[in-house]
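Okay, structure first, notes after.
Given the structure is predicted, the values throughout are model-derived calculations rather than measurements. These values consider heavy atoms only, across backbone and side chains, with no hydrogens, waters or symmetry-generated copies. In what follows, chains are A, B, ... by sequence order, proteins preceding strands, each numbered from 1.
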Protein chains: 2
Amino acid sequence: MSKNSTIKDIAERLGVSKALVSFVLNGKSEEKRISEKMTKKVLDMAKKMNYKPNYLAKSLRTGKSHTIALIIADISNPFFAKFARYIEIEASTYRYKVIFANSDETKEKFAAELEVFKNRQVDGFILIPPIGSEDELVKLQKEKIPFVVVDRLFKSVSTHTVTINNFQAGYEATLRLLQNNRKNIAIINVNNQLFTMQQRVKGYRKALLQNSVDVKSGLIKHLKFSHDKNSVLKAIQQVIQQGADGILFTTSKLAMLGFECFSELGVNIPKDIAVISFDDMDAYKVTFTPISAVVQPIANMSKEAVRILMKMIEGKYGKGEYENIMLDVEFVYRASCL
Amino acid sequence: MSKNSTIKDIAERLGVSKALVSFVLNGKSEEKRISEKMTKKVLDMAKKMNYKPNYLAKSLRTGKSHTIALIIADISNPFFAKFARYIEIEASTYRYKVIFANSDETKEKFAAELEVFKNRQVDGFILIPPIGSEDELVKLQKEKIPFVVVDRLFKSVSTHTVTINNFQAGYEATLRLLQNNRKNIAIINVNNQLFTMQQRVKGYRKALLQNSVDVKSGLIKHLKFSHDKNSVLKAIQQVIQQGADGILFTTSKLAMLGFECFSELGVNIPKDIAVISFDDMDAYKVTFTPISAVVQPIANMSKEAVRILMKMIEGKYGKGEYENIMLDVEFVYRASCL
DNA sequence: TTAATTTGCTAAATCGATTAAGCTTAATTA
DNA sequence: TAATTAAGCTTAATCGATTTAGCAAATTAA
C-alpha cells in the first residue's frame, strides 16, 4: 500500500503546523483566521500530494464514525433488500455509510450483531428486531445509543418507530376480499408474537365482524418463522377443508410458498380462491394468476427512519421524546382478487 | 453514551500498565510472560467493567479494519442480494464485517464508492464492476489494495476472479432449447460490453452452429443496462416476427420483464415459445408457466471470493499471481422448456 | 508613546488502542 | 560471590487525525 499522505506530511512539506493544515482542510480557514494565501497553499499541496483523510483517525478523535448499522432478518428476502437499498440511498444524502447484518430472525444473532457493531462505534442503528428483543432495545437506550425501529413495534418499550398502519392494511385487504363475494376468508400468518402481525389479523377480524361475517378460528393460521412449504401446504389444506374461498397472506414469503401449493393442489385462483398478499413482489405480475398486494411504502419508511436517526445522532430529541411514524399502505389489485 | 471503559481505565483500577492489560486481553499472556495470577486479575476486571475494545482505535493502530467492502449494482436485485447474503456469511467466518454500496452499474458511482471505502480503510473489496471500470481496477492494483472481481472478468487487466463458465452455460441452455425441437432460438441479452455476457452469447452461437442451425442476427438482441419493459417488449416482438420459437434470456431481470410482455401479447409458454432464463428466481416456480433456469452457484462463488480475498489480505499471493476460479452452473428444467 | 486588540499561526494534549525496547527483581549458573 | 539469565512488568512512541490554549507580531486605540 503506497502509504497515503497525511496531514503531517503536508504540514512538513509546507513548514507549517498540523493544526493549520487540519483547519484549512476542514474549511475552517475563516473561523480560524488562516490567511487566504496560506489556505491556497495548503489546498494546493493537499491536491498535489493526493491527500485522503483517514476516517478511522477522524472517527477515533471525533467520536463519530459516520456509519449506521442496519440489522434485518435476511437480505436475500426482497422485502428486506428493498429496505437496505433505500436506507443506503437515504443515508448517503447525509454522507453516511451503511453496514449491515442478518439476524435470521433470532434474538441471539440479533444481540450478537448489535454487540459487534457497537464495538465498531457505529453512530446509530436502524433495526428490524426479531421476536423477543425488547431487552436488547432497552439496553441500547440505557447506553444512549441512537436507534430507530422499523416495520415493527414493541409495546413494552417506547422507541422511535416507523411502521405502516398494519391494522388498516389488514382491514382493507379483507374488505376487498369480501367485496369479491368471498364468504370464507382465511388468513395465513406468521410470527404472530409480533405486534405488527397481530395488527394485521386484528384488521382482518374487524372487517369480517363489521360485515357480519363470523370469524372462524379454523380459518386463521399462525405459522412459525421457520416455516417451509410443507407447513404452508398444511395450513392451506386445512382452510380449504373449512371451505375457504379467499386467503389473505400476511407476508410475501408465505404467499410465494402458497402459490406453489396451489399449483400442486390444482386450486384455481381466483375462481376457487381469491388471494391478496402483503408486500408487492416483481413476481406478482407474472405469476400464474397476477396477485393483488398490499404495497408498503418502503422508500418512504426508509426516508423517515434515516431522518429520525440523524436527528437522534445530533441529539435533537428530548428525553423520552419519541417519534412514532405510521404510514399508510397502498393496494394494487390484480386478477387474484379484482 | 455512558462512556465505555477503556484499557487505560482497567490499568488504573488495577494499578498496572496499559501494555500489560493489552497483552492479556489479546491472549498474549504466555508470550509476554504475564503471570497467571495477573492474567486472571485483568480478565476479571475487564469483565467486571464490561470492557469492549474500541475497534476504531485498534484499526488505526494495526492498520486492519476487519471490514471488507462489497460493491454491486443494486442490492434490491435478488441476484445481487444473494451475493450480499452469502458474502456476509462467509466473511463472518473470518470475523470480518461487510459494508456495501450500489453502483447502479455506472462507473462513476463505482469509482466514487471505491474512494469512500478506501478512505474508510477497508481491508479489501469484493467487486462486481460495471462496464468500463478497468482503470479503477488498475488503480486499485497500483495502490496494492486487495480485491476480488466476482461474476465478471475484464480481459485487459489480470486480477483474481470468480466467475461461472458462462460460455458453457449459454451453450448448454441453447442445446436444451434445441432438444425441445426449437428451430428459431432467440437470445435476449444486456450489457454486451461485459465479457460475461459475450460468453453467454458465444455459447449460444456454438450450440446452434454445432447443430447446423443458422445463427440469425435478427434473433440476437442486445439491450442497454437501463432497459425497461418497453425495450424488452420491442425485442420480443422483433424476434417473434423473425419466427422465434425459443428464447434464452441472459438475466432474470430481462426474463421477468419478458414474462410480463408474453402475458400481454398472449404468447403461450412453452407452446409458442420455449424459455430458459439465466439465474433462478423464487418466482420461477410460480410463474404462469414455471420457468427453466441456469442456476449460478452463488454460495460457492461467495465462498471462493472471500477465501481469495482473505488470502490476499494476508499477503499470501506472489506478485502477478492470480486465481481465476471458474465454476460450473447447474440447470433446473421446468415447464417452460422441459 | 504605550496599552489594547487583532491577526496568523503553533504547541501539545487527546481519542483508545498496540508494541518495541528497556528496567527491576529473582533465580540460576559459574 | 559475582555474573548471567529469566521472569514480570513498565515506558513511551505510534497510528492520523482534532482542538484548546496560547504566543508573537502587527495593527489600532487612547
Side-chain angles (χ1 to χ4, degrees), chain A residues 1-43 45-46 49-67 118-123, chain B residues 1-43 45-46 49-67 118-123:
Chain A
M1 205 128 1
S2 58
K3 261 290 222 57
N4 282 319
S5 52
T6 68
I7 280 193
K8 193 179 165 206
D9 298 333
I10 298 178
E12 281 171 0
R13 283 280 287 274
L14 252 30
V16 299
S17 72
K18 290 194 296 168
L20 189 153
V21 177
S22 172
F23 291 146
V24 171
L25 294 176
N26 285 292
K28 296 187 183 166
S29 287
E30 293 249 328
E31 182 190 337
K32 298 292 179 180
R33 300 185 313 251
I34 312 294
S35 67
E36 279 186 28
K37 215 171 111 193
M38 184 54 87
T39 299
K40 189 171 180 328
K41 260 170 77 179
V42 171
L43 256 19
M45 183 56 79
M49 297 177 73
N50 192 28
Y51 170 76
K52 301 284 162 56
N54 180 322
Y55 273 81
L56 290 180
K58 211 165 183 149
S59 299
L60 177 60
R61 182 59 229 248
T62 61
K64 299 243 129 306
S65 62
H66 275 256
T67 305
K118 276 192 264 174
N119 296 349
R120 283 167 177 264
Q121 330 294 126
V122 300
D123 292 344
Chain B
M1 207 129 1
S2 57
K3 259 295 219 54
N4 281 318
S5 52
T6 69
I7 280 194
K8 193 179 164 208
D9 298 332
I10 297 179
E12 281 172 0
R13 282 281 286 273
L14 252 30
V16 298
S17 72
K18 289 194 298 167
L20 188 153
V21 176
S22 173
F23 291 146
V24 171
L25 293 176
N26 285 293
K28 295 187 183 164
S29 287
E30 293 249 327
E31 182 190 337
K32 297 292 178 180
R33 301 186 310 253
I34 312 295
S35 67
E36 280 186 29
K37 215 171 109 194
M38 183 55 88
T39 300
K40 189 170 178 328
K41 259 169 77 179
V42 171
L43 256 21
M45 183 56 80
M49 296 178 72
N50 192 29
Y51 171 76
K52 302 284 163 53
N54 181 321
Y55 273 82
L56 290 180
K58 209 165 187 153
S59 299
L60 177 60
R61 182 61 230 252
T62 61
K64 298 242 128 309
S65 63
H66 275 257
T67 305
K118 276 192 264 172
N119 296 350
R120 285 169 176 262
Q121 328 296 127
V122 301
D123 292 344

Below 3.5 Å between N/O atoms, which protein atoms pair up with nucleotides 9-12 of chain C? Just atom names and distances, please.
| from | atom 1 | to | atom 2 | distance (Å) |
| --- | --- | --- | --- | --- |
| C:dC9 | OP2 | A:Ser35 | N | 2.9 |
| C:dC9 | OP2 | A:Ser35 | OG | 3.2 |
| C:dT10 | OP2 | A:Ser17 | N | 2.9 |
| C:dT10 | OP2 | A:Ser17 | OG | 3.0 |

Shortest non-hydrogen contact from [X] toward [Y]:
{"X": "A:Ser59", "Y": "A:Ser65", "answer": "OG-CA, 3.4 Å"}
{"X": "A:His66", "Y": "A:Asp123", "answer": "N-OD2, 2.7 Å"}
{"X": "A:Met49", "Y": "A:Asp9", "answer": "CE-CB, 3.7 Å"}

Would you indicate whether the side-chain heavy atoms of B:Val42 and B:Leu20 approach each other to under 4.5 Å? yes
Can you find a pair of side-chain heavy atoms, one from B:Asn26 and one from B:Glu31, that are under 4.5 Å apart? no
Output, in order, the C-alpha distance, side-chain angles, deciding distance and verdict of side chain to side chain contact (heavy atoms under 4.5 Å, CB included) for B:Tyr51 and B:Ile7. CA-CA 8 Å; B:Tyr51 171 76; B:Ile7 280 194; 3.4 Å; yes
To the nearest Å, give me how far apart NZ (A:Lys41) and C1' (C:dG8) are. 13 Å
From CD of B:Glu31 over to C1' of C:dT19, roughly how many Å is that when rounded to an integer? 10 Å
So A:Arg120 and A:Thr67, side chain to side chain donor-acceptor pair (under 3.5 Å) or not? Walk me through it. CA-CA 9 Å; A:Arg120 283 167 177 264; A:Thr67 305; over 6 Å; no
Where along residues 53-63 of chain B does a heavy atom come under 4.0 Å from DNA chain D, residue by residue in number order? B:Leu60, B:Arg61
Can you tell me how far apart CG (B:Leu60) and CZ (A:Arg61) are? Round to the nearest 0.5 Å. 12.5 Å
Using a 3.5 Å distance criterion without hydrogens, assess whether the side chain of B:Ser22 forms a donor-acceptor pair with backbone atoms of B:Lys18. no
Under 4.0 angstrom, heavy atoms only, what part of the nucleic acid is [X] near: base, sugar-phosphate, or nothing?
{"X": "A:Lys28", "answer": "sugar-phosphate"}
{"X": "A:Thr6", "answer": "sugar-phosphate"}
{"X": "B:Lys64", "answer": "nothing"}

Is A:Lys8 atom NZ crowded by more than 12 heavy atoms from other residues, nucleotides or ligands, each under 6.0 Å away? no
Does atom NZ of A:Lys52 have more than 12 heavy-atom neighbours from other groups under 6.0 Å away? yes
Can you give me the first and the last nucleotide of DNA chain D (5' to 3') that has an atom within less than 4.0 angstrom of a non-hydrogen atom in chain B? D:dA7 to D:dG16
